[in-house]
Number of protein chains: 2
Amino acid sequence: MARAKFLNSTDAVNTIINEAIPRFAKAGFSGVSMRDIAKAVDISTATLYHHFPDKQTLYLRSMAQAFADKAEGISTVLAEKGTPQQRLTKFIARFTKLMSQDSHFRILLQRELLDGDETRLRLLAEQVFQSQFANVAELAKELAPNCDAHLMAISIAGLVLFHLETTPLRQFLPGGHAEHNDPDVIAQHVTMLLLKGIKGCG
Amino acid sequence: MARAKFLNSTDAVNTIINEAIPRFAKAGFSGVSMRDIAKAVDISTATLYHHFPDKQTLYLRSMAQAFADKAEGISTVLAEKGTPQQRLTKFIARFTKLMSQDSHFRILLQRELLDGDETRLRLLAEQVFQSQFANVAELAKELAPNCDAHLMAISIAGLVLFHLETTPLRQFLPGGHAEHNDPDVIAQHVTMLLLKGIKGCG
DNA sequence: TTATGTCTAATGAACGTTCTATATATAATA
DNA sequence: TATTATATATAGAACGTTCATTAGACATAA
């Protein structure tokens, strides 16, 4: 092979995807050109096209990789013992930390919610969220046997994610402080709100 | 003027913006071309450029218009009398209905949270959300005097908005039903959760 | 006459993609 | 082992398209 840059094709593909993920997260599908990605990996666009048939495929593979990385990390959080309250508290703490640590995953998720077609959303739901979502829903059932577990699981995730989503905006809203972006602060607030309602928060 | 298509420049500008808003909401800034917009209004791109100096300006004006439309609608919801609980219930019901009725506003908001620069986010915060956000925060203070009103106001908005955001995804998640997209169902769930916590939901 | 609204046509840049060539590794063969 | 053939990884250059934007002309209202 000509002046090999990578160990093999798999290495090349992984390197490309790892460079592509943060770029797609930051700028979206149409905000990143194949030339940009090629330049970032220091290969020609022709070489990039040797490894991926087209941009859409590269995007899908990047998305799948970003999601696969995280799906693994979330999967064992709820398996531990404890009262439902304890397990909820622990889940929220870990989920918040996970989502704020690596923003690529969260931002790609938001982009998919905005622009994803049915195929990509189904993939996302079934291969990334489904099992963990079911666990959270089950936990909700333990805490409130007659509640709508689906609605409740969405609410739990939404509380955490919306605080992270609004990070760039909240500094301009009344009472906004940097500490409101601290995952621990968010997690504690969300946990309290879920377990006790507004009145229980002070 | 040559074969006048509009009553005057203001009419032209408004017509263009009204065509642009849903397009920018659906496809984002880079997903809509000036050609597309010109075609939609049945004018040439040159004419479009006669009314707007560049694409960025057209986008900003469209955004500002979409936001101004809604800011008005939200502004008087909390002025009414009643117990804090009653006012919260009413606010959530109206906010949910408003946000689900016209999705352009909500989607543009989501896009700004993803891609908005500091200038646009500040504009959004100060000219659209600030006063109403303060009202919600104040209401939270009435319900829980020692709580962090900023965090609470974000949580309230987030609960509603996240349910709407996840509309295209929830059908693929366990327990998802069409009725979960009903604004009344969402509002009732959110209100209950806020006032009573998870346990109060069943 | 002058300012305004409109058009056709063009410009230059960026983009996704492909053509063609070449250097290297691997496998088959003598 | 030495030689040849094949497949793979790479790059330079170009193609065709679309894009934002502009130049210049023309028509009409004031």
Side-chain angles (χ1 to χ4, degrees), chain A residues 1-64 111 115-117 119-120, chain B residues 1-64 111 115-117 119-120:
Chain A
M1 311 147 192
R3 281 161 285 162
K5 248 164 197 156
F6 304 101
L7 306 174
N8 50 43
S9 183
T10 310
D11 180 34
V13 164
N14 287 337
T15 306
I16 292 167
I17 287 178
N18 285 334
E19 286 290 335
I21 287 174
R23 285 175 169 76
F24 280 131
K26 263 175 224 157
F29 180 79
S30 47
V32 186
S33 71
M34 292 299 264
R35 285 172 171 80
D36 289 344
I37 296 168
K39 211 166 288 172
V41 190
D42 194 32
I43 56 175
S44 68
T45 60
T47 302
L48 182 51
Y49 274 91
H50 173 72
H51 293 292
F52 296 91
D54 53 34
K55 191 183 181 183
Q56 171 80 6
T57 302
L58 172 54
Y59 178 72
L60 282 173
R61 297 269 261 113
S62 303
M63 209 195 69
R111 288 202 187 281
D115 296 321
D117 59 25
T119 308
R120 301 218 296 272
Chain B
M1 312 153 195
R3 283 162 280 164
K5 244 162 203 160
F6 305 100
L7 306 174
N8 50 41
S9 183
T10 310
D11 180 34
V13 164
N14 288 337
T15 306
I16 292 166
I17 286 178
N18 285 334
E19 285 290 336
I21 288 174
R23 284 176 169 76
F24 279 131
K26 260 174 227 158
F29 180 80
S30 47
V32 186
S33 70
M34 292 298 264
R35 285 170 168 83
D36 290 343
I37 296 168
K39 211 166 288 172
V41 191
D42 194 31
I43 56 175
S44 68
T45 59
T47 302
L48 182 52
Y49 273 91
H50 175 72
H51 294 291
F52 296 92
D54 53 33
K55 189 183 181 182
Q56 171 79 5
T57 303
L58 172 54
Y59 177 73
L60 282 173
R61 297 268 263 113
S62 303
M63 207 195 69
R111 288 203 186 281
D115 297 322
D117 58 27
T119 308
R120 300 217 298 273

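Excluded from the calculations below are hydrogen atoms, water molecules and symmetry mates; all remaining heavy atoms, backbone and side chain alike, are included. First the proteins, then the strands, lettered A, B, ... as listed; each starts at 1.
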Does A:Lys5 place a side-chain N or O at less than 4.0 Å from the phosphate oxygens OP1/OP2 of D:dA11? yes

Point-to-point distance, once rounded to the nearest 0.5 Å, from CD1 of B:Ile43 to NE2 of B:His51: 5.5 Å

Could you state the atom-to-atom distance from CG of A:Asn8 to C1' of C:dA25 in whole Å? 13 Å

D:dG12 P sits how many Å from A:Lys39 NZ, rounded? 12 Å

Aromatic plane relationship, A:Phe24 with A:Phe29 - under 30° parallel, 30 to 60° tilted, over 60° perpendicular: parallel

In whole angstrom, what separates A:Asp54's CG from C:dC15's P? 17 Å

With the threshold set at 4.0 Å, does a side-chain nitrogen-carboxylate oxygen contact exist between A:Asp117 and A:Arg120? yes

Minimum-distance pair of heavy atoms, taken over all atoms of A:Ser44 and A:Thr47: OG-OG1, 2.9 Å

Distance (rounded to the nearest 0.5 Å) between A:Ile37 CD1 and A:Thr45 OG1: 11.5 Å

Looking only at heavy atoms, what is the nearest atom pair of A:Ser62 and A:Ile17, with distance? CA-CG2, 3.9 Å

For B:Phe52 and C:dG5, give me the distance from atom CZ to atom C1', rounded to whole Å. 14 Å

Could you give the CG-to-P distance, from B:Leu7 to D:dA29, as a whole number of Å? 14 Å

What I want to check is whether an N or O donor and acceptor connect the side chain of A:Arg35 with the base of C:dA14 at under 3.5 Å. no

Of all heavy-atom pairs between B:Val32 and B:Lys55, which one has the smallest distance, and what is that distance? O-NZ, 2.7 Å

Heavy atom of residues 9-16 of chain A under 4.0 Å from DNA chain D: which residues? A:Ser9

Starting from P on C:dT6, measure out to CZ on B:Phe6 and report it in whole angstrom. 6 Å

Please confirm whether the backbone N or O of A:Gly31 pairs with a side-chain atom of A:Lys26, one donor and one acceptor, at under 3.5 Å? no

side-chain hydrogen bond (donor to acceptor under 3.5 Å, both in side chains) assessment of A:Thr15 paired with A:Asn18: CA-CA 5 Å; A:Thr15 306; A:Asn18 285 334; over 6 Å; no

Whole-Å gap separating P (D:dT22) and NZ (B:Lys55): 14 Å

Tell me the interatomic distance from A:Asp36, atom CG, to C:dA14, atom C1', rounded to whole angstroms. 10 Å

Residues touching DNA chain D, which here means a heavy atom under 4.0 Å, drawn from residues 40-51 of chain B: B:Thr45, B:Ala46, B:Tyr49

